[in-house]
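Only this structure's heavy atoms are used, side chains among them; waters, hydrogens and symmetry mates stay out. Every value quoted in this text rests on a predicted model; they were computed, and no experiment measured them.
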Amino acid sequence: MRIATWNINSVRLRIGLVTRFLETWRPDVLCLQETKCPPGQFPTSALLQAGYGHIADNGYTGHHGVAIISRIPIAESHVQSFCGRNDGRHVSVRLDGSGLVVHSLYVPAGGDEPDPATNGKFAHKLQFIDELKAWAGGLGCSGTGHHVLSGDFNIAPLESDVWSHKQLLKVVSHTPVETGKLNDLMASCGFHDPVRAHHPEPEKLYSWWSYRARDWEAADRGRRLDHIWVSQDISHLCRNVAIVREARGWSRPSDHVPVILDIDECGG
DNA sequence: ATGGTAGACTTTCTA
């Protein structure tokens, strides 16, 4: 079973890149974030042609928006709301026959100023992580399935997840309050990070490079903002991971690249 | 010392 996550930054504009990725890498399930696609306007026909006929969409007008597209039939889907908003930041699916529940999550970016007292977006981000922790803590013991929690978490939790730990300590996405909350969430909710298990620190790993760099590849000032976590009960089934860096060099790219996890089937 | 880019119900917002 191959599961991927990708912040696509407009699924309608980049549907050609999505199908290129699907045809090259053949994931069974692809989680998307920042689809920027209102409900009912998801580009389903191109995906159907590529063999992905099962779609769970939680779109939102203008920005945000998440979706899951699958080759495997979807038994049921669910949308979780956080911070009292329904702004397209989560959707999950239970896959037919596998007992797997796959989540596509889009954590608020948090604005520029890392101070919740003066920046409401940063306060929202911190509250979102707190609510995520309370909710995710119930997943492991709910008996509803084995969970894959993936998406754009907008936090690079480890020193080797950014191009310069020192220079990013006061930059939203790598401040101690954010990295502390995310590392605590993973540990206390019983989740495991197979990407880091396969590529331990101090290897640098990035999944995002700013559009604002003159030459993203030469500067290589990236951050690992996109993650695929699994619940501990299936951590031993993780086989392989990949970060598709080459996708950042495609024509009119997203600023994020796909992250891939291969996991053995875990039955019903 | 502070831009820089990209996308969307664009004249501004979010990232």
Side-chain angles (χ1 to χ4, degrees), chain A residues 5-21 31-43 46 57-67 81-90 104-116 118-129 132 150-157 161-164 166-175 177-179 182 206-227 245 247-259:
Chain A
T5 184
W6 194 6
N7 178 320
I8 192 62
N9 188 18
S10 177
V11 69
R12 287 176 293 178
L13 190 69
R14 292 190 229 287
I15 186 62
L17 297 189
V18 173
T19 54
R20 176 177 177 178
F21 171 72
C31 299
L32 294 172
Q33 301 85 38
E34 275 204 273
T35 54
K36 295 185 175 179
C37 182
Q41 294 186 35
F42 204 81
D57 175 34
N58 182 17
Y60 190 78
T61 298
H63 45 275
H64 311 159
V66 295
S81 85
F82 298 95
C83 306
R85 309 183 194 193
N86 282 301
D87 52 355
R89 296 187 180 276
H90 172 271
S104 181
L105 185 69
Y106 181 47
V107 174
D112 288 330
E113 183 61 43
D115 179 359
T118 57
N119 173 10
K121 290 177 194 169
F122 195 68
H124 177 214
K125 183 178 196 174
L126 297 183
Q127 190 192 339
F128 191 101
I129 297 291
L132 185 63
S150 75
D152 177 1
F153 295 4
N154 266 312
I155 297 173
D161 292 335
V162 292
W163 65 275
S164 168
K166 238 182 146 173
Q167 291 181 74
L168 288 172
L169 275 170
K170 292 180 177 174
V171 174
V172 170
S173 74
H174 194 62
T175 65
V177 62
E178 295 170 85
T179 59
L182 195 68
Y206 312 138
S207 65
W208 172 89
W209 294 261
S210 172
Y211 283 125
R212 297 176 186 176
R214 227 172 271 123
D215 182 339
W216 73 272
E217 196 163 25
D220 202 21
R221 294 186 166 187
R223 305 177 203 171
R224 188 170 72 111
L225 304 179
D226 303 274
H227 302 272
R245 180 187 171 103
R248 186 62 177 79
W250 291 352
S251 173
R252 300 205 72 187
S254 170
D255 46 353
H256 297 251
V257 300
V259 180

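In this structure, Arg221(A) is positioned above the aromatic face of Trp163(A), its NZ or CZ under 6.0 Å from the six-membered ring centre and within 45° of the axis.
The same atom, C1', is picked in dT10(B) and in dT14(B); the two are 12 Å apart, to the nearest Å. As rounded to the nearest Å, dC9(B) and dG3(B) have C1' atoms that lie 29 Å from one another. Across dT12(B) and dA1(B), the matching P atoms stand 30 Å from one another, rounded to whole Å. Taking the C1' atoms as reference points, dG7(B) lies 15 Å from dT11(B), given to the whole Å.
A close approach under 4.0 Å does not occur between any side-chain nitrogen or oxygen of Arg212(A) and OP1 or OP2 of dA15(B). At the phosphate of dA15(B), OP1 or OP2 sits under 4.0 Å from a side-chain N or O atom of Arg89(A). In terms of phosphate contacts, Arg12(A) brings a side-chain nitrogen or oxygen within less than 4.0 Å of OP1 or OP2 of dC9(B). Distances shorter than 4.0 Å separate none of the side-chain N or O atoms of His63(A) from OP1 or OP2 on dC9(B).
Summarising the geometry, the separation between CD1 on Ile8(A) and P on dA6(B) is reported as 15 Å, rounded to the nearest angstrom. For the pair Asp112(A) CG and dC13(B) P, the computed distance is 13 Å after rounding to whole Å. Nucleotide dT14(B) holds its C1' atom 12 Å from the CG atom of Asp87(A), rounded to whole Å. Residue Gln33(A) contributes atom CD, which lies 16 Å from atom P of dA8(B) at whole-angstrom precision. Across the protein-nucleic acid pair, Arg214(A) atom CZ and dT2(B) atom C1' stand 12 Å apart, rounded to whole Å.
By the salt bridge (Lys or Arg N to Asp or Glu O under 4.0 Å) test, Asp255(A) is found to be paired with no residue, residues two or more places apart in sequence or in another chain being considered. For the side-chain contact (heavy atoms from CB on, under 4.5 Å) test, residues two or more places apart in sequence or in another chain that qualify with His124(A) are Cys83(A), Arg85(A), Asp87(A), Arg89(A), Pro108(A), Phe128(A).
Here Arg221(A) lies out of heavy-atom contact (under 4.0 Å) with every strand. Residue Ser10(A) is classed as a sugar-phosphate contact, given heavy-atom separations below 4.0 Å to backbone atoms only. Heavy atoms of Tyr106(A) sit under 4.0 angstrom from primed sugar atoms or phosphate atoms, though from no base atom. Counting any heavy atom pair closer than 4.0 Å across all strands shown, Arg252(A) reaches sugar-phosphate atoms only and no base atom.
The Tyr211(A) side chain lies nearest to dT5(B) when the options are dT5(B), dA15(B), dA8(B). Out of dA15(B), dC9(B), dG7(B), the shortest distance to the side chain of Arg14(A) is found at dG7(B).
With rounding to the nearest 0.5 angstrom, the CD1 atom of Ile8(A) is 10.5 Å from the OG1 atom of Thr5(A).
Residues Lys121(A) and Gly62(A) both approach DNA chain B. Their nearest nucleotides, taken by heavy-atom distance, put Gly62(A) toward the 5′ side. Summary of the strand contacts: His256(A) and Pro38(A) both lie near DNA chain B, and taking for each the nucleotide with the nearest heavy atom, the more 5' one is attributed to Pro38(A).
Contact check on Asp220(A) versus Arg245(A) returns a salt bridge, with a Lys/Arg side-chain nitrogen under 4.0 Å from an Asp/Glu carboxylate oxygen.
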